[in-house]
Amino acid sequence: MQKLTPLLLGLGLLCLNSCAVNQKMKDKPYILLQKENREQKTWKLVWEDDFNGQTLDTNKWSRVPVGPSDWNRHMSTIDECFEMKDGKIHLLGINNPDKNRDPRPFITGGIWSKHKFAFQYGRVEIRAKLGSAQGAWPAMWMLSEFDKYGKWPKSGEIDIMEHLNFDKIIYQTTHSDYTVNKGQKTNPPHGGTATFNPDEYHVFAVSWYPDKLVFQLDGKTTFTYPKLKDADSSQWPYDQPFFLIIDQQLGGKWVGEVNQKQLPVKMEVDWVRVYQ
């Protein structure tokens, strides 16, 4: 009988462990679907980025492009909005250095895993330190990969963390057709807040189950959003793959005007880990 080398044995064990945790979609292998009843067992690490390289890993992430919404209207993909430094990625909001190239007064950096990594059920942990400024709106959140129930908000949004200005609290929220268009923001409550020190690193997390979303800050549960048995079906669009977004946003109706004298502002992201 042929002996297995330690490398081959390790690869075999990794395959067995991965297969026991999730399955990949045949036509889209970058999507990990958690196997049924896996949530009753111990979490296993299935995807991560420690940002230890010199450049962003484009097999996992893309820079978020500009868009028409409050959150992305100031997004930019230029290098000045991104720094890989000391094993972290810095996402910056800056005064525009070249208004001949781009007329916007200020621009921001963000990354997302859209079309590169998505998953259905599991746990996300992100270690980061947030910067503060008037008009700063750093966020860590998730959107549906396929829009199974239609465009936003019908296919849902999971906000792991949002921070405004110089606040000493973070917001953790869910959005859907049920909460936005049908106004069901209290049945059940669709979001919560948690106090924190914005000058320190924290681990922001959500555990996503088939019947609930459990939000955490530094390992402590802060808010839970349950799936209701007797609610309108639009209450739970969270039964499909979602991708990750991490961005240093600026401005908008919610956060208010931007004080450009307080720029640059940045979010320092140490690592991202996904478990199933």
Side-chain angles (χ1 to χ4, degrees), residues 49-116 126-143 157 159-171 173 196-204 243-272:
D49 196 341
D50 290 327
F51 302 109
N52 287 326
Q54 298 299 311
T55 59
L56 183 68
D57 187 344
T58 55
N59 291 315
K60 297 177 178 178
W61 306 98
S62 300
R63 297 180 181 184
V64 178
V66 64
S69 302
D70 260 6
W71 75 269
N72 61 8
R73 70 175 70 253
H74 297 292
M75 285 291 145
S76 175
T77 59
I78 68 169
D79 290 342
E80 288 88 338
C81 292
F82 304 86
E83 291 180 355
M84 300 292 291
K85 185 178 180 181
D86 301 326
K88 303 174 181 66
I89 185 168
H90 296 186
L91 305 174
L92 289 89
I94 62 174
N95 289 310
N96 192 343
D98 188 351
K99 292 183 181 178
N100 291 322
R101 175 179 58 187
D102 183 338
R104 294 176 295 173
F106 45 83
I107 51 178
T108 66
I111 57 176
W112 62 11
S113 67
K114 186 177 183 179
H115 304 325
K116 295 185 176 182
I126 302 172
R127 185 176 189 266
K129 183 169 72 172
L130 311 181
S132 296
Q134 175 58 47
W137 178 17
M140 306 166 184
W141 50 304
M142 299 162 62
L143 287 175
E157 173 182 329
D159 294 329
I160 302 168
M161 184 287 303
E162 293 178 282
H163 179 247
L164 305 180
N165 302 315
F166 294 90
D167 286 357
K168 298 293 175 59
I169 62 171
I170 60 167
Y171 297 85
T173 320
F196 85 125
N197 182 348
D199 297 323
E200 297 177 353
Y201 279 92
H202 299 274
V203 177
F204 308 93
F243 64 89
L244 294 167
I245 309 170
I246 308 174
D247 51 10
Q248 173 58 68
Q249 302 165 182
L250 283 174
K253 294 178 181 178
W254 188 29
V255 67
E257 295 293 326
V258 176
N259 185 340
Q260 291 184 246
K261 293 180 181 180
Q262 296 176 3
L263 302 181
V265 63
K266 64 183 177 181
M267 172 167 50
E268 302 176 17
V269 184
D270 189 8
W271 46 256
V272 180

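Worth knowing before you read on, the calculation uses all heavy atoms, side chains too, and leaves out hydrogens, waters and symmetry mates.
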Ring geometry between F196 and F204 (parallel below 30°, tilted from 30 to 60°, perpendicular above 60°): perpendicular
Sidechain-backbone polar pair: T108 side chain, L250 backbone, donor-acceptor under 3.5 Å: no
Over all atoms of both residues, closest heavy-atom pair of P198 and K168: CD-CD, 3.5 Å
Residue pair M267 / A139: nearest heavy atoms and the distance that separates them: CE-O, 3.9 Å
Test: R127 and D50 ion pair at under 4.0 Å: no
From CA spacing to verdict: side chain to side chain contact (heavy atoms under 4.5 Å, CB included), W137, V258: CA-CA 10 Å; W137 178 17; V258 176; over 6 Å; no
CD1 on I160 to CD1 on I245, rounded to 0.5 Å: 9.5 Å
Any side-chain heavy-atom pair of S132 and D199 under 4.5 Å: no
Residue pair V272, I126: steps toward the side chain to side chain contact (heavy atoms under 4.5 Å, CB included) verdict: CA-CA 5 Å; V272 180; I126 302 172; 4.1 Å; yes
Steps toward side chain to side chain contact (heavy atoms under 4.5 Å, CB included) verdict (L56, F51): CA-CA 7 Å; L56 183 68; F51 302 109; 4.3 Å; yes
Main-chain N/O of V66 paired with N72 side-chain donor or acceptor, under 3.5 Å: no
Test item: N165 side-chain N/O and V255 main-chain N/O as donor-acceptor pair under 3.5 Å: yes
Test item: I94 and K266 side chains (from C-beta on) under 4.5 Å apart, heavy atoms: no
Presence of salt bridge, D102 and R104, under 4.0 angstrom: yes
Residue of the set K129, E268, M84 for which side chain to side chain contact (heavy atoms under 4.5 Å, CB included) holds with H90: E268
Within-4.5 Å side-chain heavy-atom neighbours: F106 and S76: no
Spacing of CG belonging to L130 relative to CZ belonging to F166, to within rounding of 0.5 Å: 13.0 Å
Under 3.5 Å side-chain donor-acceptor pair for S62 and K114: no
Side-chain touch Q248/L92, heavy atoms, less than 4.5 angstrom: no
Shortest non-hydrogen contact from P97 toward I78: CG-CD1, 4.4 Å
Stepwise side chain to side chain contact (heavy atoms under 4.5 Å, CB included) test for D79 and R63: CA-CA 10 Å; D79 290 342; R63 297 180 181 184; 2.8 Å; yes
Distance in Å, D49 CG paired with I89 CD1, rounded so as to fall on 0.5 Å steps: 8.0 Å
D247 side chain near W141 side chain, heavy-atom distance below 4.5 Å: yes
Close side-chain approach of D98 and E80, heavy atoms under 4.5 Å: no
For Q134 against G256, the heavy-atom pair lying closest together: NE2-C, 4.4 Å
Minimum heavy-atom distance between I169 and H163, given as atom pair plus value: O-CD2, 3.3 Å
Exam field: side chain D159 to backbone M161, donor-acceptor pair closer than 3.5 Å: no
Test of ring centre spacing under 6.0 Å for F82 and W61: no
W254 vs Q249 side-chain heavy atoms within contact, under 4.5 Å: no
Atom pair NZ (K60) and CD1 (I111), whose distance is rounded to the nearest 0.5 Å: 11.0 Å
Residue pair S113 / F243: nearest heavy atoms and the distance that separates them: OG-CB, 3.5 Å
Sub-4.5 Å side-chain heavy-atom contact between P65 and M75: no
